[in-house]
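To start, the structure under review is shown below, and the notes come after it.
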Amino acid sequence: MNRPVLPPLHDNALVLALTSQVTHLEEENRQLRQALADCANHVGAVASPRCSLDFLLMIPREVQLVIERLRKAGDDVTQIR
């Protein structure tokens with residue numbers, strides 16, 4: 001199998017570019033985790049952005065279940081579609 005030829009690790013431009021990208025992705029990940037935790041907290045669950053990824057991935061379904069329960073109970077969920 002042919003492996004890609006990478007520039008030497010001491011190539012400062014490469015290191016700076018990769019470091020910048022990693023920093024950006026880490027911040028994006030932090031914000032997404034916070035948004036998911038906020039969604040859970042807004043529907044009555046307790047979640048932290050430091051929860052496991054598996055737990056955070058269950059939050060959209062939990063929100064869906066809360067909305068369904070509210071609709072069945074006849075609560076005013078006119079803003080929820």
Side-chain angles (χ1 to χ4, degrees):
M1 175 184 349
N2 292 336
R3 294 183 179 204
V5 177
L6 298 174
L9 287 179
H10 64 275
D11 184 342
N12 287 339
L14 174 64
V15 171
L16 290 173
L18 291 174
T19 301
S20 174
Q21 185 66 20
V22 167
T23 300
H24 171 76
L25 293 173
E26 287 174 337
E27 178 60 18
E28 191 172 85
N29 180 277
R30 186 195 66 74
Q31 290 176 9
L32 289 168
R33 286 177 155 276
Q34 185 64 56
L36 279 170
D38 289 347
C39 288
N41 295 331
H42 289 309
V43 297
V46 177
S48 163
R50 293 190 287 175
C51 291
S52 71
L53 180 60
D54 289 336
F55 182 84
L56 290 172
L57 289 173
M58 292 187 298
I59 291 173
R61 177 68 177 141
E62 181 64 27
V63 171
Q64 180 183 17
L65 291 172
V66 168
I67 291 170
E68 288 173 6
R69 280 192 297 264
L70 289 171
R71 284 186 176 141
K72 286 179 184 173
D75 290 348
D76 183 17
V77 290
T78 56
Q79 298 299 322
I80 301 173
R81 296 179 186 198

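Numbers here are sequence positions counted from 1.
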> If you measure from CG on Leu53 to CE on Met58, what distance do you get to the nearest 0.5 Å?
Replying inline: 10.5 Å

> To the nearest 0.5 Å, how far apart are CZ in Arg50 and CD in Gln34?
Replying inline: 10.5 Å

> Salt bridge between Arg69 and Glu62, side-chain N to carboxylate O under 4.0 Å?
Replying inline: yes

> Is Arg30 salt-bridged to Glu27, cutoff N-O under 4.0 Å?
Replying inline: yes

> Would you call Asp38 and His42 a side-chain contact if the rule is heavy atoms closer than 4.5 Å?
Replying inline: yes

> Looking at side-chain heavy atoms only, is the closest gap between Arg61 and Gln64 below 4.5 Å?
Replying inline: yes

>> For the backbone of Leu16 and the side chain of Ser20, can you confirm whether one donor and one acceptor N or O come within less than 3.5 Å of each other?
In response: no

> What heavy-atom pair brings Ala37 and Pro49 nearest, and what distance separates the two atoms?
Replying inline: CB-N, 3.6 Å

> Which of these, Leu57, Leu56, Val46, Leu36, sits in a side chain to side chain contact (heavy atoms under 4.5 Å, CB included) with Cys51?
Replying inline: Leu56

> Same cluster or not: are Ile59 and Leu65 linked, directly or through other Ile, Leu, Val, Met, Phe, Trp or Tyr residues, by side-chain heavy atoms under 4.5 angstrom apart?
Replying inline: no

> Going hydrophobic residue to hydrophobic residue with side-chain gaps under 4.5 angstrom, can you get from Leu70 over to Val63?
Replying inline: yes

